[in-house]
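Taking it in order: structure first as structure tokens, then the write-up.
Predicted, not measured: the structure shown is a model, and the values here were computed from it.
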Amino acid sequence: MKTVTENLMDQKGFIEKLNNTPPQKVNILMVDDHPENLLALEAVLTSPNYNLISAYSGKEALKCMLQYDFAVILLDVQMPGLNGFDTAKLIKAREKTKNIPIIFITAISQEMEHVHQGYSVGAIDYIFKPFQPETLKKKIEQFVKIHQNHQETIIQTDLGHLLELNKVNKRLDRTTLNLRRTEALSKAISETITDTIVTFDNQGCILTVNPAVTSMFGYEVKELLEKHVMKLFPKWEDEVLGDLSTFLSVIRQSVGKIVEVVACRKDKGCFFADLLIASTIIEDEQIFVCTIRDVTERKQIEEVKKQQFHNLEHIVEERTLELTKSNEKLQKEIDERKRMADHLLRSQQRFRKIFDSSPLLKAILLQKDLTFIDINASWTSFTGYRSNELIHQKINCKHFIDETTGKSIDFYKKIRNKKIKYGTKDGEVRSGLLSTEIIDIDSEPCTLVVLNDITERVHLENEMYRLDRLNLIGEMAAGIAHEIRNPMTTVQGFLQLSRNKADHLSPDFIDLMLEELNRANSIITEFLNLAKNKISVKKKQNVNAIIEALSPLIQAEALRSNKQLSLELGECPDISLDEKEIRQLILNIALNGLDAMTSNGILTIKTYQDKETVVLQIKDEGKGIDPEVLLKLGTPFFTTKETGTGLGLAICYSVAKRHDAQIDIETGDKGTTFSVVFQLIPSSPNA
């Protein structure tokens with residue numbers, strides 16, 4: 001009952017703490033690369049209930065997201081470096097910040113497609129400058145109310161979990177009390193009953209005997225333990241102990257019956273006794289319970305009053321039956337208590353083994369004051385603190401910092417895989433994933449702290465990210481330099497040649513230099529087509545119409561190399577397309593297919609509708625693409641052609657991405673199929 005009272009007091013204290021917690025200021029993030037715009041927003045939104053935080057770039061805004069929880073974000077669209085749309089995408093991609101409302105504020109990007117793009121990346125509203133201060137202020141107030149209601153819902157959920165835990169504690173206390181009562185009752189019955197009760201196994205070895213054996217047989221309890229039960233019935237021994245099978249057979253036949261035997265005391269005196277034997281199974285072993293009653297007086301009276309004996313026998317039978325039921329009930333309760341005790345012991349042993357040998361940092365804190373009561377070897381190894389330095393000491397929460405908010409960890413709350421920074425004894429700051437669980441140890445609420453050290457993994461991830469970026473920059477620079485240096489070398493050579501000659505350059509030389517300059521310009525133009533900020537001019541049209549308009553050009557190219565073009569155009573609905581970009585995509589893939597085939601090969605262009613998609617397939621009959629080449633397809637400046645730039649397929653992937661489409665490749669010995677899958681309803685209006 002003490003535990004239940006303590007739990008009720010803890011619950012009341014928790015509720016009072018929730019009710020007395022003063023309302024905190026709500027964080028609002030304002031992002032703009034012009035300080036005067038931030039001052040204007042701050043003048044409109046200044047309030048004692050708001051904590052206004054300013055950021056001058058998208059990158060600075062993302063850093064603020066790691067330090068604070070925001071109710072709403074005011075985001076400028078046009079910013080150098082990371083623009084507003086890209087910043088919004090990164091915010092929405094993060095699990096912790098994806099639900100924060102974003103309002104775009106801009107004075108430049110007022111076209112509808114920019115507005116659509118703003119909504120597509122997760123914006124709640126799109127406001128043009130100059131804006132109405134009162135309107136903006138009212139909108140912010142509503143978003144703040146939504147944020148506050150959400151926080152209140154989280155608090156109510158925690159309260160519900162606390163109430164449920166309290167109910168479980170009550171039930172556990174009641175069960176413990178019932179077990180104690182049952183144990184006391186069993187002991188009282190065993191000590192006060194006048195009959196001798198003996199339990200023995202299937203070989204006759206005595207396991208337990210009650211105190212009544214002393215007055216009935218003259219033996220102390222310890223004198224009979226592990227002795228054969230037949231020691232009490234020597235005149236019955238010859239009949240029962242022929243061999244083990246005979247003993248078991250006789251005993252089993254006697255189960256549930258009253259057996260009249262002659263019992264022998266320690267002083268060799270004999271008396272008549274009634275035996276009542278019951279049987280039960282405990283942990284796959286048969287156990288017998290024998291009730292021994294001294295019936296000497298009954299035998300003496302039997303000769304004189306047979307009629308009274310019959311009446312007495314009836315009473316004895318009834319009483320024996322009651323005792324049997326009581327014994328069975330008592331035995332079941334004893335068995336259940338033993339099972340629970342064994343289970344608890346095994347659970348404790350498993351927990352201790354897991355706790356001590358775990359590579360994770362583990363500690364157990366008293367919940368009432370957060371003092372250490374145990375730590376494992378990993379905790380000592382990583383933090384540098386020995387066990388005697390921490391046990392009975394309160395945990396220093398300032399050494400455990402939430403990476404997201406920058407605040408100290410609250411160990412009174414339940415935590416799941418929270419990324420934190422923690423300090424060691426020598427001042428080193430390490431990274432880890434923190435989880436906590438509420439457990440009971442000796443009826444005392446405790447907090448199990450589990451910390452997974454990920455310092456090395458974080459360092460490795462950062463280094464890999466840096467190396468990937470350097471590698472990509474190096475490959476791009478090498479590709480551009482290689483492709484542009486060739487035509488520039490030709491132009492340079494002819495210019496040096498002309499400087500050494502008195503006469504002017506011939507028209508053939510000038511034409512060749514212009515051709516090389518045009519080639520360099522073409523490479524730069526194709527590379528710019530890969531730019532992610534290129535905006536497609538789309539309108540509703542049919543992909544079959546674009547293919548039919550291009551087919552004469554592709555057919556002519558096929559005939560030049562003695563190849564054929566086959567069109568299999570199915571019925572397809574109109575979709576939103578940029579005709580110029582789709583023409584370029586079809587031509588690039590079709591010409592690659594023609595180049596991959598030998599004479600008499602057939603290039604097949606097929607279209608069809610598949611559920612909510614329109615599929616464009618271009619299939620050749622070439623020898624297929626090698627696996628090592630397939631992995632690099634679409635990489636800028638990667639080509640297998642002698643005169644290719646390696647930008648054709650890269651442009652195709654860029655066009656597909658802007659149309660919210662996907663390119664799938666199937667290749668084998670009989671040819672290669674490029675499938676471009678367009679969505680009937682794109683996931684974003686201007687992807």
Side-chain angles (χ1 to χ4, degrees), residues 85 89 109-121 126 522 525-559 564-594 602-620 633-634 647-666 672-687:
F85 294 149
K89 286 181 182 178
S109 303
Q110 300 186 10
E111 292 83 356
M112 258 338 266
E113 65 180 1
H114 286 90
V115 176
H116 290 166
Q117 186 175 2
Y119 285 115
S120 71
V121 297
Y126 200 101
S522 175
T525 301
E526 289 187 2
F527 181 71
L528 292 177
N529 283 334
L530 297 175
K532 65 179 180 179
N533 59 352
K534 181 177 180 181
I535 299 176
S536 300
V537 181
K538 302 176 186 176
K539 63 180 180 179
K540 285 283 186 179
Q541 52 190 313
N542 198 288
V543 68
N544 289 342
I546 299 175
I547 295 173
E548 290 172 350
L550 278 175
S551 60
L553 178 61
I554 301 174
Q555 181 68 51
E557 185 65 26
L559 292 175
Q564 300 179 28
L565 172 66
S566 174
L567 298 182
E568 299 178 6
L569 306 181
E571 293 186 4
C572 299
D574 292 348
I575 54 178
S576 181
L577 300 173
D578 184 324
E579 181 178 357
K580 183 177 178 181
E581 289 191 338
I582 297 303
R583 284 169 61 92
Q584 184 178 13
L585 180 144
I586 296 173
L587 277 175
N588 285 349
I589 298 177
L591 294 179
N592 284 343
L594 291 174
I602 300 176
L603 181 73
T604 303
I605 301 180
K606 179 180 179 180
T607 60
Y608 60 91
Q609 180 179 355
D610 182 16
K611 298 180 181 179
E612 298 298 322
T613 63
V614 172
V615 181
L616 164 64
Q617 282 188 349
I618 302 177
K619 181 179 180 181
D620 63 56
L633 283 185
L647 294 174
L649 277 180
I651 292 174
C652 291
Y653 277 99
S654 180
V655 170
K657 182 178 180 182
R658 289 195 288 273
H659 283 77
D660 195 21
Q662 180 178 345
I663 297 179
D664 297 324
I665 304 175
E666 295 181 7
T672 302
T673 301
F674 281 79
S675 298
V676 185
V677 183
F678 297 92
Q679 303 292 329
L680 288 179
I681 303 177
S683 59
S684 58
N686 192 26

- Query: What distance separates Ile605 CD1 from Asp620 CG, expressed to the nearest 0.5 Å?
  - Reply: 11.5 Å
- Looking only at heavy atoms, the pair that brings Ser675 and Val615 closest together is CB-CG1, 4.4 Å
- Measuring from Leu603:CG to Lys619:NZ, what's the distance to the nearest 0.5 Å? 11.0 Å
- Task: Specify the closest pair of heavy atoms between His659 and Glu581, including all atoms of both residues, with the distance to one decimal.
- Result: CE1-OE1, 3.2 Å
- Could you give me the CA-CA distance, side-chain angles and deciding distance for Val676 and Phe674, then say whether side-chain contact (heavy atoms from CB on, under 4.5 Å) is met? CA-CA 7 Å; Val676 185; Phe674 281 79; 5.6 Å; no
- Gln609 atom CD: more than 12 heavy-atom contacts under 6.0 Å: yes
- Task: Please name the pair of heavy atoms, one in Ala590 and one in Ile554, separated by the smallest distance, quoted to 0.1 Å.
- Result: CB-CD1, 4.0 Å
- Val614 and Thr607: side-chain contact (heavy atoms from CB on, under 4.5 Å), yes or no, with the steps? CA-CA 7 Å; Val614 172; Thr607 60; 5.6 Å; no
- Excluding sequence neighbours, so at least two apart, what forms side chain to side chain contact (heavy atoms under 4.5 Å, CB included) with Gln555? Leu559, Leu565
- Query: At their closest point, which heavy atom of Ile589 faces which heavy atom of Cys652, and how far apart are they?
  - Reply: CG1-SG, 4.0 Å
- Taken in chain and number order and not counting sequence neighbours, the residues that satisfy side-chain hydrogen bond (donor to acceptor under 3.5 Å, both in side chains) with Gln662 are Asp664
- Item | Gap separating the CG atom of Leu577 from the CZ atom of Arg583, nearest 0.5 angstrom | 13.0 Å
- Item | Any donor-acceptor N/O pair, Gln617 side chain to Thr673 backbone, under 3.5 Å | no
- Query: Listed by chain and number, what are the side-chain hydrogen bond (donor to acceptor under 3.5 Å, both in side chains) partners of Ser551, not counting sequence neighbours?
  - Reply: none
- Who passes side chain to side chain contact (heavy atoms under 4.5 Å, CB included) against Glu557, sequence neighbours left out? Arg560, Leu591, Leu594
- To the nearest 0.5 Å, how far apart are CD1 in Ile586 and CD1 in Ile547? 4.5 Å
- Note on the structure: For Pro573 and Leu680, the nearest pair of non-hydrogen atoms, with its separation, is CG-CD2, 3.5 Å
- How long is the span from the CD1 atom in Ile582 to the CZ atom in Phe678, to the nearest 0.5 Å? 4.0 Å
- Query: Distance-only, no hydrogens or angles: does the Asn542 side chain make a donor-acceptor pair with backbone N or O of Cys572 under 3.5 Å?
  - Reply: yes
- Task: Can you sort out the partners of Glu568 under side chain to side chain contact (heavy atoms under 4.5 Å, CB included), two or more places apart, ordered by chain and number?
- Result: Ser566, Thr604, Lys606
- Task: Evaluate the side-chain contact (heavy atoms from CB on, under 4.5 Å) criterion for residues Glu548 and Leu569: first the C-alpha distance (whole Å), next the side-chain angles of each, then the deciding distance (0.1 Å), finally the verdict.
- Result: CA-CA 9 Å; Glu548 290 172 350; Leu569 306 181; 3.8 Å; yes
- Query: Where do Gln679 and Thr613 land on the side-chain contact (heavy atoms from CB on, under 4.5 Å) test, with the steps shown first?
  - Reply: CA-CA 5 Å; Gln679 303 292 329; Thr613 63; 3.7 Å; yes
- Note on the structure: Across all chains, not counting sequence neighbours, the side chain to side chain contact (heavy atoms under 4.5 Å, CB included) partners of Pro552 are none
